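Notes to accompany the following structure.
Just so it is clear, the model here is predicted, and its values are computed rather than measured. Chain A is the first sequence line, chain B the second, and so forth, proteins listed ahead of strands; every chain is numbered from 1.
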Amino acid sequence: MDKYNHKKTEAKWPDSAKASTGKQKEYDHSVVEAKWQAKWAKEQIYKTPGTGEKKRYVLDMFPYPSGASMHVGHLEGYVGTDILSRYFRMKGHSVLHPMGWDAFGLPAENYAIKTGIHPDKSTHENIKTFRRQLEISGMSYDWDKEIDTSSPEFYKWTQWIFIQLFKAGLAYKKKSPVNWCPKDETVLANEQVVEGKCERCDTEVIQKDMDQWFFKITAYADRLISGLEKIDWEDEVKRQQINWIGRKEGINIRYKVVGSDKEIEVFTTAPVNFGMTFLVLSPEHKLLKELKLPKAYQESVAKYIKEHLSSSSNSTNVANKSNKTKTGVFTGLYVANPINNKEVPVWVSDFVVAGVGTGAVQGCPGHDLNDFEFAQEYKLPIVRVIVGKDGDASEITKKDQVIEHGMEGRFINSDFLNGLDFEEGLQKTMDWFEDKGLGKRTVTYHIRDWLISRQRYWGCPIPMVYCEDDGWQPVPDTDLPVKLPSDVDFLPHGESPIARSETFQKDVVCPICGKQVKREVDTMDTYVDSSWYFMRFCDPKNKNEFASKENIIPVDDYVGGGHVVQHLLFARFFWKFLFDQGLIDKSVGDEPFLKLRAPGWILGPDSRKMSKRWGNVITPDDIIPKFGADTLRVYEMFMGPFDVMKPWSITGVEGIARFLGRVWRLFSTEYKVHSTEENTEVLSKLHQTIKKVGEDVENYKFNTAISSLMELVNTLTEAGSQKSEIRNEVGKTKIENQTSIQTPNISHQTSEVLSALARLMAPFAPHMMEEIWVEVLGMPFSIHASPWPSYDPKLIVQNEVTVVVQINGKVRASMKLESEISKQESEVTKLAKSDPNVTKWLEGQTIKKTIFISGKVINFVI
RNA sequence: GCCUCCGUGGCGGAAUUGGUAUACGCGUACGGUUUAGGACCGUAUUCCGUAAGGAUUAGAGGUUCAAGUCCUCUCGGAGGCACCA
């Protein structure tokens, strides 16, 4: 603990500048940062330009303003997008960089239950804290575009979009088994159930039959997969989305139950029907109630069903059962396999899940691992119909002999399929069933329709009324928004607290017949708000539309973590829907987030996740008063790659503070480059850095951008100190005494270098660079509105390069050569052979081969 | 169980298409400066060795003139999916 209690010790910062010379102007970050933050706000320099050729939308996933304030980990993504925004503004783009609040949500309501403080009040207090923390961090948000999902101006349009979905047949109310969290007393979407538990409170989720609102996201399943090809996201995230959607092509086959007129339909992706030896129904299967079982089996089957009826039949996120041995029971029934006219037994087992496919599976144990395990457990026959690439055609008795779909193989023991390739044979089998009218090719999905009803208060009211004559009707546009009532008690009673509001149901009439009706009392999942907020940012004050068509643009750079499946999938669904409705311009495309990056977590100094529990939470308020926002920003970006986890280090922060101190002194000390040689070296370094920083920023490689800036600063400092040494000898003057920045005296040549350096650093350390720009370099306000430096490719080329001499691949010497010479093999060979280190190794040897890599390496093989 | 990504000094981490491994920063040591300092400046710092030299990117093999980078296996870590038919 003591190592990290920097809060307690009075920091000695920021008096570094004053220390080295009594005359130098001090850099007091608290004064400078406050000064420029006020000026930037007053001059509105971050206002989104109304017009502009090169529009660029840079967005953070907006935060939920929780009671705990922001910590330095939250800031990482915000600093990244801030650097991008500042960089693109300097590059001449019209940047839209807004911020807002995902203000509805359960924690505020739970807090209200505990304390009696209204969610509206606590949420807005939290927003104030969050906004202040962002402002003192020097963020360049256009605050004119700020939005708050809990404001009626915003949720009016959430409701309006709901109604559009309803009118398009994509919002519907249906009674179905749903995930119910007994602690939060609300239903949850499948996406919000993690390992059978509530995502928020970790309570075991139970199943309940309830009448709920759904959005038909399944209608977009295919497009949600195919659209991923067009966008720049991490492959990992794309894969997770594809996985969640879970598209599978296969066939539904109907089997006649022997001695009955009933049929059982199974879904399979791999109909290896000559290897089918049984059929399995899930315990929930409807037919089990309809079929007449032989007496001898009735009792055991009923008992099995009772014991193994899944507690969460609808959810595919059921509790972990996969490691258990499979159980099951024979029903006494048989079905006929038409392809070989064999009868196979029908079993019941809970390894077959009701919600997947048809809830019934054909058992082909030779070629499916689950079927194999089941067959082994109950001594059911195992027939081999595929030979894999190992050529083994013997009886299958071991797990690793099972050749599954997707592996290489050829058919055997399968009549007309014999000799066919695995995949080809499956297609032939499907053709056979389709021809006979016994089956039909189908596509199944893992994704379910999105359940959006919540029995909670602090959310957007669902704008629907129920009329006994006309059914569910949307509230007319002119009556929107349906305002959230304030006269409620928050204690949950298994229904929405709004149900107990006296004002909410007052004078509500059916828009069709005018009869007195009741409003829907449930609210929407907060993911509905976040599914379209980024569109509202394009036109946040529009009173007539959710956002006008000409203003909506997709997000170019979207930064945020988590929510990989939920938010990103839901938001893409909304965008595609509104796009299809013609409410988004066709030219901008049907994907909302063109590039997506997730910042890695910042861990505590103890390498544990920051949390109150470990006492390792560090907030911007712990750092900024002592080190300044610039130090915090540069440190967070320098820590490591943007997208990986990394631990906080207070000595690392101090290192950055030292670096910025060096930068300040570099500018505030008279600096000149004298000889031509140093001059070109410095210029070459500068132009290399301009190129590298630009490229790195665009690729989110902020850590290496900063290290190259450090190298440039080191080069400049060295060049400066060489000059000072000369003066020391000649003029016998001490460096410290000769400088003062009161009247900057900077040569033309130098100011070009320094002006470029200041601009390169401006996105990272905006306050100090503004101070340097205006007060030291005497340039007009603001550095953040000045153009990004451009580089000259000719100046990047170094005139001296190092060529390495290898013997058998081992480095034996290196030579500094002029660039031109380093490209000539004969010249380099001659020079290399004359190097004493090389001759020593080559003595008495014959060179078998020489490999020459122009300008880099010459390798002699002996 | 399956899939994906990752493993580089005391630490965080750099390294175009295979072409000087350890950039940059932290820490440490010594020296300087200062009334003093946890500030600032300088030098050193992968390991072994006085040196010449040798070893080194989790471990073991392989391809290559040349491997942190490509291939195979093993170990370790992170994440995702998890009876998906």
Under 4.0 angstrom, heavy atoms only, what part of the nucleic acid is A/K840 near: base, sugar-phosphate, or nothing? sugar-phosphate

Need one value for A/D371: base, sugar-phosphate or nothing, where a base atom within 4.0 Å counts as base even if backbone is also close, heavy atoms only. nothing

Using a 4.0 Å heavy-atom cut-off, does A/K238 contact any base of the nucleic acid, only the sugar-phosphate backbone, or nothing at all? nothing

Could you pick out which residue, A/I851 or A/T802, lies toward the 5' side of RNA chain B when each is mapped onto its nearest nucleotide? A/T802

I need the residues from residues 852-862 of chain A with at least one non-hydrogen atom less than 4.0 Å from RNA chain B; give them sorted by number, or say none. A/I853, A/K856, A/V857, A/N859, A/V861

Partners passing side chain to side chain contact (heavy atoms under 4.5 Å, CB included) against A/E249 (at least two apart in sequence or in another chain): A/R247, A/V443

Classify A/R812 by what it touches in the nucleic acid, base, sugar-phosphate, or nothing, heavy-atom distance under 4.0 Å. sugar-phosphate

Under 4.0 Å between any heavy atoms, over every strand shown, what does A/G246 touch: base, sugar-phosphate, or nothing? Just pick one. nothing

So, for A/W347 and A/F278, is the gap between ring centers shorter than 6.0 Å? no

Would you say A/N714 reaches B/G25's phosphate, i.e. side-chain N/O to OP1/OP2 under 4.0 Å? yes

Would you say A/D368's side chain and A/G363's backbone share a donor-acceptor pair under 3.5 angstrom? no

Donor-acceptor pairs under 3.5 angstrom involving side-chain atoms of residues 853-862 of chain A: please list them, not counting sequence neighbours.
from: A/N859; atom 1: OD1; to: A/N808; atom 2: N; distance (Å): 3.4
from: A/N859; atom 1: OD1; to: A/G809; atom 2: N; distance (Å): 3.1

Select base, sugar-phosphate, or nothing to describe what A/W841 touches, counting heavy atoms under 4.0 Å on all strands. sugar-phosphate

Where are the stems of RNA chain B, defined as at least 3 consecutive Watson-Crick or wobble G-U pairs with both distances under 3.5 Å? B:1-7 with B:75-81, B:10-12 with B:24-26, B:27-32 with B:40-45, B:46-48 with B:53-55, B:58-62 with B:70-74

For A/E423, the salt bridge (charged side-chain N to carboxylate O under 4.0 Å, His left out) test, sequence neighbours excluded, returns none

With respect to the phosphate group of B/C65, does any side-chain polar atom (N or O) of A/K849 fall under 4.0 Å of OP1 or OP2? yes

Are any of A/N703's side-chain N or O atoms less than 4.0 Å away from OP1 or OP2 of B/A14? yes

What interatomic distance, in whole Å, is found between P of B/G7 and the corresponding atom of B/A14? 10 Å

Below the 4.0 Å mark, does B/G42 have OP1 or OP2 next to a side-chain nitrogen or oxygen of A/R662? no

Sequence-distant partners of A/F642, ring pair (Phe, Tyr, Trp, His ring centres under 6.0 Å), two or more places apart: A/Y700, A/F702

What verdict does the side chain to side chain donor-acceptor pair (under 3.5 Å) test give for A/Q688 and A/S684, after you've listed the backbone C-alpha separation in whole Å, the side-chain angles of each residue and the deciding distance to 0.1 Å? CA-CA 6 Å; A/Q688 284 172 43; A/S684 165; 3.0 Å; yes

Distance in Å, A/S707 OG paired with A/K692 NZ, rounded so as to fall on 0.5 Å steps: 6.5 Å

Look at A/K701 and B/A15 and indicate whether a side-chain polar atom (N or O) is within less than 4.0 Å of OP1 or OP2. yes

With a 4.0 Å cut-off on heavy atoms, is A/D235 in touch with a base, just the backbone sugar-phosphate, or nothing at all? nothing

Syn within 90° of 0, anti beyond: B/G18 is anti

At less than 4.0 Å, is any side-chain N or O atom of A/K810 found next to OP1 or OP2 of B/A66? Yes or no. no

With a non-hydrogen cut-off below 4.0 angstrom, is A/D368 in contact with a base, only sugar-phosphate, or nothing? nothing

